[in-house]
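One structure below.
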Amino acid sequence: MNLNDVKDLLSSAAQEFLARGNHRMLIGGQWVAAAGGETLEVVNPATEAVIATVPAAQPADVDAAVAAARRAFDSGPWSRAKPAERERLLLRLADLMEQNGRTLAEIESIDNGKSAAIAQAVDVGLSVSYMRYMAGWATKIEGSTVDVSVPFMPDNEFVNFTRREPVGVVAAVVAWNFPLLLACWKLGPALATGCTVVLKPAEQTPLSALFLGQLIQEAGYPDGVVNVLTGDGIGAGAPLTRHPGVNKITFTGSTEVGKLIGKAAMENMTRLTLELGGKSPVIVLEDCDPAMAAAGAAQAIYFNQGQVCCAGSRLYVHKKNFDRVVADLASHASAMTIGHGLDPTAQLGPLVSREQMERVCSYIDIGRQQGGEIVVGGGRATEVGYFVKPTVMTKVDQKARVVQEEIFGPVVVAMPYDDLDEVAALANDTPYGLGASIWSNDLSRVHRLIPKIKAGTVWVNCHNMLDAAMPFGGYKQSGFGKEMGRAALDGYLEQKSVFMAV
Ligand code: NAD
């Protein structure tokens with residue numbers, strides 16, 4: 001199946017965009033090829049067909065993009081744009097994203113594999129609401145006045161106040177699991193605060209960022225305020241995050257690459273936000289209805305094919321209900337319809353790439369080798385396309401690799417426990433700390449457990465719920481800094497103190 005086979009399922013706007021075949025990237029308001037002509041192929045993971053090529057940016061292109069962002073930040077209309085103008089532009093961009101929601105969702109689906117219907121509701125829906133939320137903050141960035149004493153100059157008068165100023169040129173490097181949404185998590189606060197951006201989408205999923213680049217131009221952003229640099233980690237990501245002209249790096253991706261970027265950032269003292277991997281526990285307490293727990297656990301792991309940083313990939317069930325919850329979860333998994341993202345009946349799409357499919361399948365094998373038992377699923381689902389069966393594994397040791405390491409696919413490991421302190425210790429026993437969910441109506445137990453969990457987000461009787469107003473980020477090796485909520489602005493602002501003798 002190639003693009004022609006699914007063409008009829010696409011809107012005319014998505015067809016028109018994809019018909020370009022050879023795409024260009026956005027630097028300084030111009031759509032350009034890589035200076036050296038290098039390109040990357042973009043593959044539809046449901047069909048394995050090449051659907052586009054994009055420029056593979058190299059260090060020379062990175063220099064050009066950073067220079068364009070620098071010019072836009074230092075001089076020109078954006079450097080003089082008032083907060084109300086930044087608000088107006090973000091609202092305009094949100095409107096355009098909403099109007100083009102179906103196209104964005106279809107592009108995301110054909111590029112990443114995810115369901116177009118879910119992408120429109122979740123990926124586009126959250127992106128639009130986040131841009132509107134951040135538009136509101138553009139006019140509410142405030143410093144403070146500070147009454148100072150200066151003990152060694154008791155007879156003098158001083159005035160002290162603080163200003164919040166945009167940090168400057170932002171390098172935004174993102175992963176492939178929610179390409180549009182992750183880009184908006186960076187662009188929203190950057191544009192609200194007056195920064196300029198070089199956005200590098202993941203090499204597997206560059207298309208929605210290119211379409212977004214068009215909407216950014218249509219919204220009326222001056223040239224160079226947002227630059228979209230397509231390319232891989234070595235050619236584009238590494239030189240961008242090492243670039244001395246970058247003032248802040250905001251990165252969403254693996255902990256492994258996050259550490260490399262962190263080291264590079266220290267060289268230039270570049271400001272840094274890291275949103276990294278996770279191995280989030282789903283904790284089912286003794287009182288929880290097993291059917292509700294199983295449905296919740298299925299949603300927690302299988303949403304977006306398990307390619308969610310906070311996916312509920314470890315399931316801890318009180319031993320009283322363990323067998324029942326695992327059996328119900330296995331029924332949910334085996335009932336899921338597998339299919340491509342434009343098929344409205346499909347409940348589970350392909351993984352993003354052959355590499356990711358092979359990685360997930362190799363983890364399933366490692367789990368088996370370390371004594372794990374496959375209750376359902378357990379490998380590749382189709383001959384063509386990167387589909388992996390929704391999998392439930394039991395009888396794994398807490399120290400097994402499938403319990404400790406992020407698999408990033410539709411694979412959950414289920415384990416029984418005895419009491420609250422034990423499950424808190426097990427939940428915290430990985431290097432990660434991104435999310436966790438607790439399933440119970442026993443308020444007292446829930447409240448006793450919440451403070452014990454070392455994770456940036458704890459959900460109760462739900463999982464994977466996000467909102468523009470909710471700060472989101474990791475504890476431990478899941479990263480630092482927050483996306484969303486008021487807290488996200490801090491990563492894009494410097495604080496300047498002004499001390500005046502009067
Ligand atoms: P990845 O770290 O391999 O790649 C992420 C991005 O970094 C890509 O754009 C890639 O090109 C770039 N990159 C790769 N090597 C680089 C280097 N040396 N220097 C600079 N940039 C480089 O991650 P991935 O496999 O694309 O994404 C999956 C990971 O992302 C998972 O670990 C997942 O948990 C994490 N993630 C975290 C969050 C969060 O909010 N915490 C959200 C989504 C995904």
Side-chain angles (χ1 to χ4, degrees), residues 1-26 40-54 93-131 174-184 187 199 201-219 228 230 303-305 307-308 337-353 384-387:
M1 186 160 65
N2 62 30
L3 194 55
N4 283 334
D5 297 322
V6 289
K7 227 169 120 187
D8 292 345
L9 301 171
L10 294 169
S11 60
S12 53
Q15 283 188 35
E16 202 179 299
F17 178 78
L18 290 164
R20 276 180 215 165
N22 301 321
H23 294 262
R24 296 182 162 229
M25 58 188 174
L26 181 61
L40 279 173
E41 288 185 337
V42 182
V43 171
N44 175 353
T47 65
E48 306 188 28
V50 174
I51 51 168
T53 64
V54 296
L93 177 58
D95 286 348
L96 287 170
M97 288 166 62
E98 192 168 53
Q99 285 155 24
N100 290 275
R102 179 167 171 204
T103 314
L104 276 166
E106 288 173 350
I107 291 170
E108 206 76 315
S109 169
I110 206 130
D111 195 358
N112 165 284
K114 63 176 68 199
S115 150
I118 293 178
Q120 189 160 357
V122 178
D123 302 50
V124 178
L126 282 175
S127 298
V128 168
S129 74
Y130 191 51
M131 291 317 216
V174 298
W176 42 257
N177 56 337
F178 291 89
L180 177 73
L181 181 61
L182 298 181
C184 290
L187 288 167
L199 167 67
E203 53 272 42
Q204 298 86 347
T205 55
L207 297 181
S208 58
L210 294 177
F211 191 83
L212 184 64
Q214 288 178 198
L215 299 183
I216 286 167
Q217 286 192 307
E218 195 181 333
V228 183
T230 52
F303 171 60
N304 212 44
Q305 293 66 248
Q307 301 167 127
V308 179
T337 329
I338 291 178
H340 65 76
L342 297 167
D343 173 355
T345 65
Q347 293 166 313
L348 198 85
L351 302 194
V352 73
S353 63
V384 177
Y386 310 133
F387 298 89

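Everything numeric here is computed off the predicted structure, so don't read it as measured data.
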Exercise for the section: Could you tell me whether a side-chain N or O of E106 sits under 3.5 Å from a main-chain N or O of L10, the two making a donor and an acceptor? Expected result: no
Practice task
Taking atom CD of E16 as the centre, report whether more than 12 heavy atoms of other residues, nucleotides or ligands fall under 6.0 Å from it.
Solution key: no
Problem - Derivation of the side chain to side chain contact (heavy atoms under 4.5 Å, CB included) call for I110 and I51 - result: CA-CA 8 Å; I110 206 130; I51 51 168; 4.0 Å; yes
Practice task
Starting at OG of S115, measure out to CZ of F303 and round the result to the nearest 0.5 Å.
Solution key: 9.0 Å
Exercise for the section: Would you mind reporting whether T53 and H23 have side-chain heavy atoms less than 4.5 Å apart? Expected result: no
Fill in the blank from the handout: Rounded to the nearest 0.5 Å, the CD atom of Q217 sits from the CG atom of L26 at a distance of 5.0 Å
Handout entry: NE2 on H340 to OG on S109, rounded to 0.5 Å
Key = 8.5 Å
Practice task
Please tell me if the side chains of L181 and Y130 come closer than 4.5 Å, counting only heavy atoms from C-beta onward.
Solution key: no
Practice task
State, with a plain yes or no, whether a side-chain heavy atom of V50 is found less than 4.5 Å away from one of V42.
Solution key: no
Residues 205-216 side chain polar contacts: donor-acceptor under 3.5 Å, at least two apart:
from: S208; atom 1: OG; to: E108; atom 2: OE1; distance (Å): 2.6
from: Q214; atom 1: OE1; to: R20; atom 2: NH1; distance (Å): 2.7
from: Q214; atom 1: OE1; to: R20; atom 2: NH2; distance (Å): 3.0

Exercise for the section: Could you tell me which residues satisfy salt bridge (charged side-chain N to carboxylate O under 4.0 Å, His left out) with R24, sequence neighbours excluded, listed by chain and number? Expected result: none
Problem - Side-chain H-bond candidate by donor/acceptor type, Q204 with S353, under 3.5 Å - result: no
Handout entry: Gap separating the OG1 atom of T103 from the CD atom of Q15, nearest 0.5 angstrom
Key = 10.5 Å
Exercise for the section: For side chain to side chain contact (heavy atoms under 4.5 Å, CB included), just list the numbers for M131 and V128, CA-CA rounded to whole Å, side-chain angles, deciding distance to a tenth of an Å, and then say yes or no. Expected result: CA-CA 5 Å; M131 291 317 216; V128 168; 5.9 Å; no
Handout entry: Which atom of P201 lies closest to which atom of V228, heavy atoms considered
Key = CD-CG1, 4.1 Å
Handout entry: Criterion side chain to side chain contact (heavy atoms under 4.5 Å, CB included) on W176 and Q307, from CA distance to verdict
Key = CA-CA 9 Å; W176 42 257; Q307 301 167 127; 3.2 Å; yes
Exercise for the section: Kindly give the heavy-atom pair with the smallest separation between M97 and C184, and that separation in Å. Expected result: CE-SG, 3.6 Å
Fill in the blank from the handout: When rounded to the nearest 0.5 Å, the distance separating CG of L40 from CD of E203 is 7.0 Å
Problem - P179 side chain near V174 side chain, heavy-atom distance below 4.5 Å - result: no
Exercise for the section: Look up atom CG in N304 and atom CD1 in I118, then write down how far apart they are to the nearest 0.5 Å. Expected result: 8.0 Å
Exercise for the section: Would you mind reporting whether T337 and L348 have side-chain heavy atoms less than 4.5 Å apart? Expected result: no
Practice task
Any salt bridge (charged side-chain N to carboxylate O under 4.0 Å, His left out) involving residues 113-131? Give me the pairs, sequence neighbours left out, ordered by first then second residue.
Solution key: K114-D123
Practice task
Determine, stepwise, if the pair F178 / L126 fulfils side chain to side chain contact (heavy atoms under 4.5 Å, CB included).
Solution key: CA-CA 11 Å; F178 291 89; L126 282 175; over 6 Å; no
Handout entry: Least distance between heavy atoms, A105 atom then V124 atom
Key = N-CG2, 4.1 Å
